[in-house]
Peer 1: 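Quick one: the structure is below, questions incoming.
Letters A, B, ... mirror the listed sequences (proteins, then strands); counts begin at 1.
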Number of protein chains: 2
Amino acid sequence: MNIGDVADRSGLPAKTIRYYEEIGLISPDRDDNGYRRFAEQDLHKLAFLARARALGFTIEDCRALLALYEDDTRASADVKRIARDHLQRIEAKIADLRAMQDTLTELVDACAGDARPDCPILRDLGREG
Amino acid sequence: MNIGDVADRSGLPAKTIRYYEEIGLISPDRDDNGYRRFAEQDLHKLAFLARARALGFTIEDCRALLALYEDDTRASADVKRIARDHLQRIEAKIADLRAMQDTLTELVDACAGDARPDCPILRDLGREG
DNA sequence: ATAAGGCCTCCAGTAGCTGGAAGGTCAAGG
DNA sequence: CCTTGACCTTCCAGCTACTGGAGGCCTTAT
């Protein structure tokens, strides 16, 4: 398979696949013409990466998860710790965003949104203290 | 005021304040010794920026909001549009994160997290199709 | 022969800072 | 007067995870 094929089949852009090779997540073979030649196993790894990234894992998390995935002697505790830490970061992020959402919703609702200059949003942002 | 003072009073790191000057959000005067000299108005702008950033507005949003803030002839509709667009992006982001949270919670709950290699998390990431 | 499309590498840019090096300035203490 | 330490300055590099584009080679079809 050439890069375009694995791009189609993994859902990852070719650019991203080259990037993943550059940072050592995958190591496809090369044809004589210099083209990357992907085996099924490479495609499988890329699909794994695509799913892990879709769940918001960082690249370094993905690297660790991939290593565990390929290690038959892994302890599931190691996997779980990575996932739980990540879940906690996500929950913290959601909490942050919800706080923003609450404030912004209030402000947007309070703003007339017409041609007049009076605006509760700017008043709030510019308040003293 | 020197940069340390406005850093303390605005809650922004000095580094960030220098960065905001570099990208044209503020333009403090300079003393003869080359030190930035901040007026109350600069501090007020920085506080405005700190609050806008805390609400998640992008720097470019902040630039636009600051311009509107200082324009007496603004229409509140312009402010509201920026805020509403931003709110929508936040809501979309929350939805994304909640989807991740749901999946991750399931997976984490399903994983024994012991010394054995069997792991539903990796099984999910590595599933075919 | 040529045109289209796929592949290659390398460079630069994105957002919003943050860290660090190398050096000038200023006020207090001995 | 000198030193020490806390400021301040600029400039450069790096972070995440790609993404876009230039310039050029390879392959396939007409």
Peer 1: Could you give the distance from CD1 (A:I3) to CZ (A:R36), rounded to the nearest 0.5 Å?
Peer 2: 5.0 Å
Peer 1: From CE of A:M1 over to P of C:dG6, roughly how many Å is that when rounded to an integer?
Peer 2: 17 Å
Peer 1: Using whole Å, what does the distance between atom P of nucleotide C:dG16 and atom CD of B:E60 come to?
Peer 2: 8 Å
Peer 1: Taking the side chain as C-beta and beyond, is there a heavy-atom pair between A:I82 and A:D78 under 4.5 Å?
Peer 2: no
Peer 1: Just the rounded figure in Å: distance from P of C:dG6 to CD1 of A:I3.
Peer 2: 13 Å
Peer 1: Taking atom P of C:dC8 as reference, at what distance in whole Å does atom CZ of A:R18 sit?
Peer 2: 5 Å
Peer 1: Counting side-chain heavy atoms from CB outward, which of D:dG21, D:dC8, D:dA17 is closest to A:R53?
Peer 2: D:dA17
Peer 1: Tell me, with the steps shown, if B:D42 and B:R37 meet salt bridge (Lys or Arg N to Asp or Glu O under 4.0 Å).
Peer 2: CA-CA 9 Å; B:D42 295 314; B:R37 189 181 51 222; over 6 Å; no
Peer 1: Separation of A:N33 atom CG from C:dG6 atom C1', in whole Å?
Peer 2: 11 Å
Peer 1: Measure CG/A:L25 against C1'/D:dC18 and give the value in whole Å, please.
Peer 2: 13 Å
Peer 1: Are any of the side-chain heavy atoms of A:L55 and A:I90 separated by less than 4.5 Å?
Peer 2: no
Peer 1: Under 4.0 Å between any heavy atoms, over every strand shown, what does B:Y20 touch: base, sugar-phosphate, or nothing? Just pick one.
Peer 2: sugar-phosphate
Peer 1: Starting at the 5' end of DNA chain D and moving along, which residue's nearest nucleotide shows up first, B:G4 or B:K15?
Peer 2: B:G4
Peer 1: Backbone N or O of A:S76 within a donor-acceptor pair of the B:R116 side chain at under 3.5 Å?
Peer 2: no
Peer 1: Identify whether any heavy atom of A:R37 sits under 4.0 Å from a base atom; if not, whether one sits that close to sugar-phosphate; answer base, sugar-phosphate or nothing.
Peer 2: nothing
Peer 1: For C:dG16 and B:T16 - does any side-chain N or O of the residue sit under 4.0 Å from the phosphate oxygens OP1/OP2?
Peer 2: no
Peer 1: Calculate the interatomic distance between A:Y19 atom OH and D:dT19 atom C1'; express it in whole Å.
Peer 2: 11 Å
Peer 1: Where each residue is assigned the nucleotide of DNA chain C containing its nearest heavy atom, which of B:I59 and A:R30 is assigned the position nearer the 5′ end?
Peer 2: A:R30
Peer 1: Nearest-Å distance, CZ (A:F57) to C1' (D:dA17)?
Peer 2: 17 Å
Peer 1: Can you tell me if the side-chain N/O atoms of B:R36 get under 4.0 Å from OP1 or OP2 in D:dT10?
Peer 2: yes
Peer 1: Which nucleotide sits closest to the side chain of B:P13: D:dG20, D:dC8, C:dT18?
Peer 2: C:dT18
